[in-house]
Protein chains: 2
Amino acid sequence: MSIDVGGHLKAVRMMYGLSQRELAKRAGVTNGTISLIEQNRVSPSVSSLKKVLDGVPMSLADFFTLDLQETPQVFYAREELADIGDRDVSLRLVAAKRTNRAMTIMHERYRPKADTGADMLSHKGEEGGIILTGHIELTVGGQSRVLGPGDAYYFASAVPHRFRNVGEEPCEIVSASTPPTF
Amino acid sequence: MSIDVGGHLKAVRMMYGLSQRELAKRAGVTNGTISLIEQNRVSPSVSSLKKVLDGVPMSLADFFTLDLQETPQVFYAREELADIGDRDVSLRLVAAKRTNRAMTIMHERYRPKADTGADMLSHKGEEGGIILTGHIELTVGGQSRVLGPGDAYYFASAVPHRFRNVGEEPCEIVSASTPPTF
DNA sequence: GAAAATTGTCTATTATCCTAAACACTTCCC
DNA sequence: GGGAAGTGTTTAGGATAATAGACAATTTTC
């Protein structure tokens, strides 16, 4: 239910190899403060927690976003990438089975004339990618552009967007989006 | 410098069309508390801020991650990708100038024998990628594996890791990491 | 229009957090 | 062994935040 701020702080401090006193000095608080927080015997004010994190340094956003668990599978052979595409658009997904991941990384392949259609579904988050081969027309909000090999894009997923292969050859893209959409 | 917690809370409350008293009732705190917080006359404890946000409801992570601005550049020509690598490792970065982005997407190029060294710096977050050409030996924690074209990886950045081009040809990777490291 | 309800703000008291200093414990070093 | 320097923990007192309730201003209701 409630967040284990203390354990969280301790984990962060450990990650950076700092002692309570060392961190306290950098943050401009007393070591006792850090001890009490780490034991969850007090709930720090936002301002003091910020002071402490400034000593790391780490933002409040990162602190609360951070989650600490063990890493499951790390390596994925080509054959293990989940293929969730259809006939025109092939999507090969990294770490598909994994839950609680922060991103979706995909190898996308668009056949000539393939078109995602106007995506009015505005999911929140951000996505970006790099074009490997071929040409794709990307429309984001009002803007439109044809991108080729080496070109890239990055936008907030909330804005309606559309991919269309306008070339004669297949178009390949490696993309990433956060939070994961698959 | 310091985060405008009060203004932030007010914006969130407004977004949901709640009055101070209404939110206070849902959150189980007094309206005065919310008034004082919104004026930044106090810095709430994490526990009380959490109580307040539970009334919305919104997570602490979302609260601190939330930011209210417009999307800048979307398209990036090949030439616009920031190149921040050295002689052995070339890193072409998407959306480098952009601040407050959620991810870093990169086109990485490792020369033969290129080696990042044992990365003991444990930055938090997650990263993953897909190998385009060549072969790379990736070591994550205790595990090690040679990956080739089409293979992929995904792991928590906190775990010490190392990339080493063990082949005779250059190795190309498109990777993404969150939160952004550059 | 006036009463009633709803808004955000303010103040005195209570509850909580933060500090400073001491405590107990381990590790290192001669 | 015995300091000396490191670690995390604890406690009394001063600083800060949360509460309950009153206040003034606006909106609603009839």
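Proteins come first, then strands; the chains are lettered A, B, ... in the order of their sequence lines, and each starts at number 1. Given the structure is predicted, the values throughout are model-derived calculations rather than measurements.
Of the two residues near DNA chain D, A/Leu36 and A/Ser19, the one whose nearest nucleotide lies more 5' is A/Ser19. Summary of the strand contacts: A/Asn31 and A/Val42 both lie near DNA chain C, and taking for each the nucleotide with the nearest heavy atom, the more 5' one is attributed to A/Val42.
Between the two ends of the helix from C/dG1-D/dC30 to C/dC17-D/dG14, each summarised by a five-pair axis, the helix axis turns through 20° (rounded to 10 degrees).
Considering NE2 of B/His107 and CD1 of A/Ile130, their distance stands at 6.0 Å, rounded to 0.5 Å. Here the straight-line distance linking atom OG1 of B/Thr33 with atom NZ of B/Lys51 works out to 8.5 Å at 0.5 Å rounding.
Side-chain atoms of A/Ser35 lie closest to D/dT10 of the nucleotides D/dT10, C/dT9, C/dC17.
Between the side chain of B/Asn31 and the backbone N or O of B/Ala24, no donor-acceptor pair lies under 3.5 Å.
The CG atom of A/Leu23 sits 11 Å away from the P atom of D/dT7 (whole-angstrom rounding). Per the geometry, CG belonging to B/Leu9 stands 15 Å off P belonging to D/dA17, to the nearest Å. If you measure from atom CG of A/Leu49 to atom P of C/dT16, you get 19 Å, rounded to the nearest angstrom. D/dG6 atom P lies 9 Å from atom NZ of A/Lys25, rounded to whole Å. Rounded to an integer number of Å, the gap from A/Glu38 CD to D/dT10 P is 13 Å. Rounded to an integer number of Å, the gap from B/Arg41 CZ to D/dA18 P is 13 Å. Spacing between atom CD1 of B/Ile37 and atom P of C/dC10 amounts to 15 Å, rounded to whole angstrom units. Atom pair A/Ile34:CD1 and C/dC17:P shows a separation of 16 Å (rounding to whole Å applied).
Taking 4.5 Å as the limit, every side-chain heavy atom of A/His135 sits out of range of all side-chain heavy atoms of A/Glu168.
Partners of A/Arg26 by salt bridge (Lys or Arg N to Asp or Glu O under 4.0 Å), not counting sequence neighbours, listed by chain and number: A/Glu22. Remark: B/Glu169 engages no residue in a salt bridge (Lys or Arg N to Asp or Glu O under 4.0 Å) (not counting sequence neighbours).
The phosphate of C/dG8 (OP1 or OP2) has a side-chain N or O of B/Arg13 nearer than 4.0 angstrom. Side-chain nitrogen and oxygen atoms of B/Gln20 include at least one within less than 4.0 Å of the OP1 or OP2 phosphate oxygen of C/dT9. Taking 4.0 angstrom as the limit, B/Thr30 places a side-chain polar atom (N or O) nearer than this to OP1 or OP2 of D/dT19. A/Ser45 has a side-chain polar atom (N or O) that falls below the 4.0 Å cut-off from OP1 or OP2 of C/dC18. Dashed line: the shortest gap from a side-chain N or O of B/Gln39 to OP1 or OP2 of C/dC10 is under 4.0 Å.
A donor N or O paired with an acceptor N or O is not found under 3.5 Å between the base of D/dG6 and the side-chain atoms of A/Arg21.
Nearest approach of A/Val5 to A/Phe63, heavy atoms of both residues: O-CZ, 3.7 Å.
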